[in-house]
Structure formats: C-alpha cells, structure tokens
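One structure below.
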Amino acid sequence: MSRSVEIGVVGGGASAVCLLDALAQTHTPPGGITVFEPSPHLWRGRPYQPDLETVRVNIAPDGMSVRFGDSGHFPRWLTDRDATAGSGTDFVDPLNRMRFVPRALYGRYLEDAAQAALALLRERGWRIDIVREAVSAATPDDGRVALRTLSGRQAVVDYTVLCVGRGQPGDPYALTGTEGFVADPYPLSRTLPDIGPEDTVGVIGSGLTGIDVVLSLAGGGHRGRILLLSRSGVLPLVRQSPLPHTLQHFTAERFRGAAARGETLTVDELVGAMRTEFSAAGEDFDSVAEEIAALTEEDPVRRLRRHLAEVHSPRRGLRILQQAVPATGPDIWPLLPEHEKTELLRTHYRSVMSLCCPMPPTAAARILDLIDAGQLEIISGIRHIEPSGGGAFTLHTDEEQPAYRADRLVNAVSPSSRSLPPRAEHLIASLTAAGLAQRHPRGGVKVDRPTSRLVVDGTADPRLYALGDLASGSLFFTFGLPSIVDRAYDIADAIHADVRGRTSSLCGADVLQNT
C-alpha cells in the first residue's frame, strides 16, 4: 500500500473503545483514524453516561475489561482509582462479595482507556481525528468508502467500523409521545425527578433496566406504589458467588473448528455437547434444564426468594451456562439451521436473557424487601395499556380481574433486534442503497462471523465491519462487553491482516516491475 491506511470509526461509545484498544495492541503500519460521535458523552455511549449510583453493572470487574486477553485491565484501573480515593470496599455486594460498580464509574474507565489507547496510537505515528458529528451517508469512492456528515464534512477511508450502539427501547404498547410516559428512562437522574413521590408508577419491562428503575425510585425516597409490568413476569436470575470452571467440551474453539470444516449443528447436538460438559463437571444437566423451562411458569416472587437463597449453592450448573452461552454463542449461532435460530429466539430468548444477565444479590434482596413491604408488585400477563387522561394509564392483563391504574409509566423494554439507533438509520440506508450492506431479516446487517465484515450476497467486504447490535441478526449475544471485546479483536486482526496482504501484494508488484 503506497499510502498510509485510513480507518473510520462510526460511533464513539464502549464498542469504539474496545476497538481502539485492540488496534493499539496490533502493529498495523500507522495511518489515520477518524472517530465520529455527536454525543456529549464521548466514549461512554448510552449505557455508561453519568447517572445515579443505583444504576450498576451486573458483572464483576474481571469481566468488564476492554483489553482482549487481559481480564485484569479494569480491576487494575479500579485499584489505582481506590488508591487515589482512599477506598477499596465501596460497591462490594455483601451477599456474594463481588463488586458491582456504578455504570457511571465504568464510564470513567472507558474514557481513560480510550485516551490511553489514543496516546499509544499517536506514539506509533497514527493521526487521530475526533469529529463531533454523526455520519449520515456512506458511498463507494474508488475502492474506498466516503463517510459524510450532515454538515458536509467528509472522510475517505480504507476501512469503516460501524459502532453505532443499540436501538431505541421497544414500545410494544405504542405509547411514545403520550403524556406521562417516559419512553427512554436513561439517564435516570434526569427522568425520575419528574415523577411525584406519591405517584403510582408502572415500570414496563422486568429485565435489568426495570430493576434499575425500581431500585432508583426506591433509593430516591419514592413513597408511592411501584408496579413492575411485563407479559412474562420473568425476572433476571440472581448472580451467584463465583466458582471457577474451565469449559472443556462446550468451547468456542470446538465450534470455530466446526465452522472451519463447513459443518452444521442442530439444537439437539448442542444439548448433547452441553450434557457432556455438565457430566465432566459432575453436574446434573436435567435439573438446570427444568429450571429454565419453569421460568415462565413459576411465580416470580417465589423463584426470586429461592434464587436468593442459593447465592452460595455448591452446584455449578447455572454458573456453567452463564459462562458458556456468552463465550460460545457467537460461534454457535452461524452453525445452526435458520429455522432453529428462529425457533430459539421465539421460545427461549427471554429465558436466555434472564439466565445470562443476572442481577446482583443485594438488588434481589432489595426487590424482595419492597415486595414484602407492599410497595412493589410484579404483574405479568399485561395485554393492553391505554392512556386515561392527565398522564395516567389503565393497565389490562390476561386475567379476569379489575384493571390496574398508574399515574406515570416508565419504559424499561429492551431495544428490538430489528431497530436501529435513530442517528444510524440514514447511514445504513445509504450503505444498503450503494450495495455496501444488506439488511438481515432478524435485524441489523449481515456480517461474516470470523471477521465481522459486512456481507452482501454472500461476499464479505474487507472495507466494512459492524461491531455490536448492528450484527445481531447474524451473530448472537452481541451486546455483552466480553463479546464486544472478542469481536473488536477479530476486527482489528482482520484489518491488520488485510493491510499486510495489500502491502505484500504491492511490494511484489514493485519487484516484478524492476526485474
């Protein structure tokens, strides 16, 4: 390559930080990196912006490092921060002794990690440009890609990595714009103060966001009733105390090898592999399978009490699943037939999210305290919600019982896999129109599993990559930090390999011309 490489990073949140750190760990010949991000919270993204301390990460620090292959990267940052602040025991959960830091604090780590990666890249000769605008269009440009903003700023790059983040929260009851409805709860420090302290508050969605809202309301001194509303009534599981386990049979390496050999797998074969993993660990797979199957049947409060009592259980079954699914999900997903993927998402997606995104035990204990005090009620089978005037709402369930009433509603529904962040819609439309991207029927765009390159008509494009939920149709578990770190490393490695390949080709051509 006769000129230096140019890389465009569209988005400046947590995914971009992971990518920049991965790029800083490679030895790609220096060139230029242009990062586009209009948000005032550069490097934090939506999840890690400044907010209340009740909004916590749900993973221990060694699972939140942005550095591939270095689980101690974030813990070391915390140790340095503790030494400066004179504290090292804050945010430690007393029930399982794990540390669950506020997401805002993790956002400060992301900022520091990004600055450290950029400093290292600059030392190696890279030019770094930060453009505080969104990319609105991308078009082919003589073998490269031209990225344009609405103001007319343009960067022509060799490689584009789309780190556009998650879509907007879902709105299953079409309430956006209705008086009294909070469509997007974050940051809670901004949205919750508008709610009256005596109001009956309905929280739509019983996942981790719903738990954030309930705990933040209670932590802020809310005195009114809180209704946790969902169709399923499934709560996140409770994070158990750690028990080390090394996967032996249900491994990413095994499934990557199967993909390299052109093999496919069925769900039954995957269950067989998991049974083998459990057997080797001396665990009972059937009991865990029954636990998962009962998620939508058992009373959620009874299940929550039981799971909280099992924080220190010596049985490792749930822990093995919680380790295996995020670690291997992106490698398994491309091996499954399309009809089995569709069926898994239809019947088990909520159970998988409850399993793999557990809440800290102290959060579970606080939820139970609020239930026992009569302030919080979990209501499942929500069928219809209608505005009833003055910002209030009437809530109808599947049961033959009187409707519930809420003075305010807070939306805690996860983004749909088919939704795009509003700022990315025009960009993806332009990529699709230019033949540079192809929408996936399950959401996002089609990508290649090994490299995260965009795929059009079965061909992967080495110029374009997707990191995060934009790859959710092709991959599985695209939003967890460990998965994002893995994919960021794959992308940095693919770019490095492509640069080396193109450089070698040009050098070979020069040799031929001189003989």
Side-chain angles (χ1 to χ4, degrees), residues 56-65 69-76 78-79 88-89 91-101 106 208 211 234-255 270-295 298 303-332 351-368 477 480-483 485-486:
R56 305 281 184 91
V57 301
N58 71 317
I59 304 176
D62 60 0
M64 294 292 289
S65 294
D70 184 1
S71 61
H73 193 262
F74 179 43
R76 290 195 299 274
L78 275 177
T79 299
T89 58
F91 315 123
V92 173
D93 193 304
L95 297 181
N96 70 356
R97 305 309 302 168
M98 297 172 70
R99 198 175 188 186
F100 302 103
V101 303
Y106 185 75
L208 287 175
I211 300 299
V234 175
L235 297 173
L237 269 67
V238 180
R239 176 77 69 182
Q240 294 178 302
S241 56
L243 286 177
H245 175 76
T246 301
L247 295 173
Q248 301 177 36
H249 302 277
F250 206 88
T251 64
E253 292 76 17
R254 172 179 179 175
F255 299 118
L270 289 174
V271 170
M274 186 61 79
R275 285 186 179 277
T276 302
E277 182 70 43
F278 269 59
S279 178
E283 295 293 333
D284 179 16
F285 177 80
D286 288 333
S287 64
V288 174
E290 291 169 2
E291 173 81 44
I292 296 171
L295 274 174
E298 186 179 6
R303 183 173 59 250
L304 185 60
R305 292 188 195 280
R306 181 168 56 80
H307 285 170
L308 187 58
E310 294 173 355
V311 166
H312 299 292
S313 170
R315 293 176 295 178
R316 292 181 292 169
L318 286 175
R319 296 175 176 93
I320 291 173
L321 274 181
Q322 288 166 349
Q323 177 185 356
V325 172
T328 62
D331 300 289
I332 290 171
S351 298
V352 170
M353 290 301 102
S354 173
L355 167 73
C356 296
C357 302
M359 68 176 115
T362 296
R366 181 64 177 135
I367 292 294
L368 283 174
F477 218 83
L481 231 294
S483 295
V485 169
D486 287 348

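Just so you know, these numbers come straight off a predicted model, no measurement behind them.
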**Message:** One thing to verify: whether Arg306 and Glu291 come together as a salt bridge, which I'm taking to mean a side-chain N less than 4.0 angstrom from a carboxylate O.
**Reply:**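 Yes.
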Between [X] and [Y] (side chain of the first, backbone of the second, donor and acceptor by atom type, cut-off under 3.5 Å), is there such a pair?
X: Gln323; Y: His245; result: yes
X: Gln322; Y: Leu355; result: yes
X: Asn58; Y: Pro358; result: yes
X: Thr251; Y: Leu247; result: no
X: His312; Y: Leu95; result: yes
X: Arg316; Y: Gly282; result: no

About how many Å separate [atom2] of [Y] and [atom1] of [X], when rounded to the nearest 0.5 Å?
X: Leu270; Y: Phe255; atom1: CG; atom2: CZ; answer: 5.5 Å
X: Glu290; Y: Leu295; atom1: CD; atom2: CG; answer: 12.5 Å
X: Gln240; Y: His307; atom1: CD; atom2: NE2; answer: 8.0 Å
X: Thr362; Y: Phe100; atom1: OG1; atom2: CZ; answer: 8.0 Å

Taking all atoms of both residues into account, what is the closest heavy-atom pair of [X] and [Y], and its distance?
X: Phe278; Y: Gly317; value: CZ-O, 3.3 Å
X: Pro482; Y: Gly63; value: CG-O, 3.4 Å
X: Asn96; Y: Pro242; value: O-CD, 4.3 Å
X: Leu243; Y: Ser313; value: CD1-O, 3.9 Å
X: Arg254; Y: Ala273; value: NH1-CB, 3.6 Å
X: Pro61; Y: Phe74; value: O-CD2, 3.5 Å

**Message:** Under the salt bridge (charged side-chain N to carboxylate O under 4.0 Å, His left out) test against Glu310, which residue among Arg239, Arg305, Arg315, Arg319 passes?
**Reply:**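 Option passing the salt bridge (charged side-chain N to carboxylate O under 4.0 Å, His left out) with Glu310: Arg315.
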**Prompt:** Going by heavy atoms in the side chains, are Leu308 and Leu368 under 4.5 Å from each other?
**Reply:**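 Yes. Closest side-chain heavy atoms under 4.5 Å.
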**Request:** Go through the steps for Met98 and Ile59 under the test side chain to side chain contact (heavy atoms under 4.5 Å, CB included), then give the verdict.
**Result:** CA-CA 9 Å; Met98 297 172 70; Ile59 304 176; over 6 Å; no
**Asked** With no hydrogens and no angle check, do the side chains of Ser65 and Asp70 hold a donor and an acceptor under 3.5 Å apart?
**Response**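 No, no side-chain donor-acceptor contact under 3.5 Å.
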**Test side chain to side chain contact (heavy atoms under 4.5 Å, CB included) applied to Glu283 and Val288, step by step** = CA-CA 9 Å; Glu283 295 293 333; Val288 174; over 6 Å; no
